[in-house]
Number of protein chains: 2
Amino acid sequence: MADPDPTPQDEAARAGWLYYVGGLTQDQVATELGVSRQRAQRLVARAMADGLVHVRLEHKISACLDLEAALAKRFDLHLARVVPALPEGMDTATATAPAAAQVLERYLAQSDPLVIAFGTGRALSAMAAEVMRTPHAQHRIVSLISNIAPDGSASFYDVIMRMADKLQLPHYPMLVPVITDTVAERALFNALRPVQAVMQLADQADVTFVGIGQINDDAPLYKDGFITRAQLDELLAAGAVGEIVGGAIDAQGRYIDTPTTRLIGSFRIPAGRDKPVIGIAAGKSKLAAMRAALTGRLINGLVTDESTARALLG
Amino acid sequence: MADPDPTPQDEAARAGWLYYVGGLTQDQVATELGVSRQRAQRLVARAMADGLVHVRLEHKISACLDLEAALAKRFDLHLARVVPALPEGMDTATATAPAAAQVLERYLAQSDPLVIAFGTGRALSAMAAEVMRTPHAQHRIVSLISNIAPDGSASFYDVIMRMADKLQLPHYPMLVPVITDTVAERALFNALRPVQAVMQLADQADVTFVGIGQINDDAPLYKDGFITRAQLDELLAAGAVGEIVGGAIDAQGRYIDTPTTRLIGSFRIPAGRDKPVIGIAAGKSKLAAMRAALTGRLINGLVTDESTARALLG
DNA sequence: CCAGAGTTTGAGCAAATGCCCAACCAGTGA
DNA sequence: TCACTGGTTGGGCATTTGCTCAAACTCTGG
């Protein structure tokens, strides 16, 4: 019974197994593993924190189903997914994450190799955490936008790396910084061979997952230090209400063009794509941006929550 | 906020969502839903009991991985899956179920249509409960053995119906009773057109899932009233140690032939099949039967638990 | 309108859980 | 060797959860 050296994660997994699958109490888990009750509790908590444990709900609440149908019809979407709302002010990313992960997994399960493109942001990051193994085909995953700020620092949400790590797939990170200092510098990056390869791959992606950013005082682009206050103001003045993988859009979902937008180094998603482009976003603050992205047909699939769905329709 | 008529199951799902995905306490769930704490607790419990909530572990414990490799090598298996053992005497079916469901889901995700065959029993039944809906291709599912006792009553574990119901797939139940009264009666059944269709389908199944039954005083076949004490004794006397979809086998995994076995109305799985035949079983009492099935090459895939795996290898 | 069976409800309570804190332990640098 | 820092351990306690039980409620048949 005495394993020589069960790694800490192994122990956590075992504790989590006994607790969640076996339905033992933490006391029983402790006895079984020969550790104290507290340690068992910590192992179980750790299994959860490390993302070893995944919880999903099977049943679709009819109210949500109705909203999905309504969204799909209203905005002519390939796919609409609505999850029950968490109480006001709760983290919306964790709410959408399991549903988004499920959508992604459906593509991952496809047997012919796909190119799958990802944006960044909290929603995508949460999705990455929720995705489960799929030992299948050789898909390729490509990033539409880097997470490198102009000062060279990286923001947290490195979606593509987390994803590649988890799924063991060949991946193509975006090399161009989110925003460069001059147009010339950006052109320099774009001329690079590997950058062109990534852009080309992004262009032919079989399915694309993006977050949707609001452009206002809480704009992620600004909060995370990618653009300055002045640049934010410039975008606002030009009528920007939202942003998709860095591309600022107005209320009609048209890309806007200002000195700042010309410095952005991400792949620009074309309007009205045939292939699925799935937006993952929820929350009051993102409403205007989401409406814009939907009307501009920049996305043709949506994962959101109940209250956001209602607001979009009402 | 006030939905007109949320079905009871909707409410349960919503409560489960808030509790498990949202991480709220039952008190908060109660407030959110506008019900008493007790009702919230009951809804959450119900969501679990109704199988709406699915919990899975991502991490593979290295000890189990080692056992999988060893099993695959020793018995030349296509697939071996070993889950951590639950403490002595705990229900083994619930332990293997999530892993088995995951294996099945992998096949379900395949895009070209498959024929999937199922046996019966507690292990398969538990697996059925754990499977999550995969909205994909038009597979067909076929039953290898009915659950009808000679007196016309059905045992609980109606795997194929549960599965078909859950996955919305066309299904082909086995019509022949598990055991008939006379050989002539059995022949009568087998001559029926639909029966022959089912048998043929079973024969060409792309993947087969079966439980493994022990033949001893606790034999499921006997316990569930399919065979009499006299018939059990007859099988034992003929050297039976186990049974796969009703077919009694000796310690070497060869089908045995007695008056009783000639009355059995199930599909007989041939030895040494190429296509995957996955056995799902665990527990001390099943050891001899499992060893027999493995050595006789009646199965070429196995889902079991840690202690059983160790015992099989040791 | 009422009696009765079966179900649902909420109060109360015991068990289980999460978390804080002080004690302890291992490794490091003086 | 010793003091110190960072991390781990288990005791104790507040919160949360599961469960029992009696009361209330609903549905049915007289």
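All chains are named by letter (A, B, ...) in the order of the sequence lines, taking the proteins before the strands, and each is independently numbered beginning at 1. This structure is a prediction, so every number in the text was calculated from the model and none was measured.
Closest approach of Pro84(A) to Asp305(A), counting heavy atoms only: O-CB, 4.3 Å. Closest approach of Ile280(A) to Thr96(A), counting heavy atoms only: CG2-OG1, 3.9 Å.
Taking side-chain N and O atoms only, Tyr19(B) has a distance below 4.0 Å to OP1 or OP2 of dT17(D). Between Ser36(B) and dT9(C) there is no side-chain N or O to OP1 or OP2 distance below 4.0 Å. Distances shorter than 4.0 Å separate none of the side-chain N or O atoms of Gln38(B) from OP1 or OP2 on dT8(C). Phosphate proximity of dG18(C) to Gln41(A): present, with a side-chain N or O under 4.0 Å from OP1 or OP2.
Taking atom CD on Gln26(B) and atom P on dC19(D), their separation rounds to 11 Å, with Å as the unit. A straight line from CZ of Arg37(A) to C1' of dT17(C) spans 6 Å, rounded to a whole angstrom. Between the CG atom of Leu18(B) and the P atom of dT16(D) there is a distance of 16 Å, rounded to whole Å. Per the geometry, CD belonging to Gln28(B) stands 14 Å off C1' belonging to dT17(D), to the nearest Å. Rounded to a whole Å, the CG atom of Leu24(B) is 15 Å from the C1' atom of dT17(D).
Using a 30° and 60° split on the angle between ring planes, Phe209(A) and Tyr107(A) fall in the perpendicular class, above 60°.
If you check dT9(C), dC13(D), dT16(D) against the side chain of Arg39(B), the one that comes closest is dT9(C).
Evaluated for a salt bridge (Lys or Arg N to Asp or Glu O under 4.0 Å) with Glu11(B), the options Arg46(B), Arg42(B), Arg39(B) yield exactly one hit, Arg39(B).
Each of Arg42(A) and Asp27(A) has a nearest nucleotide on DNA chain C; the 5'-most of these lies closest to Asp27(A).
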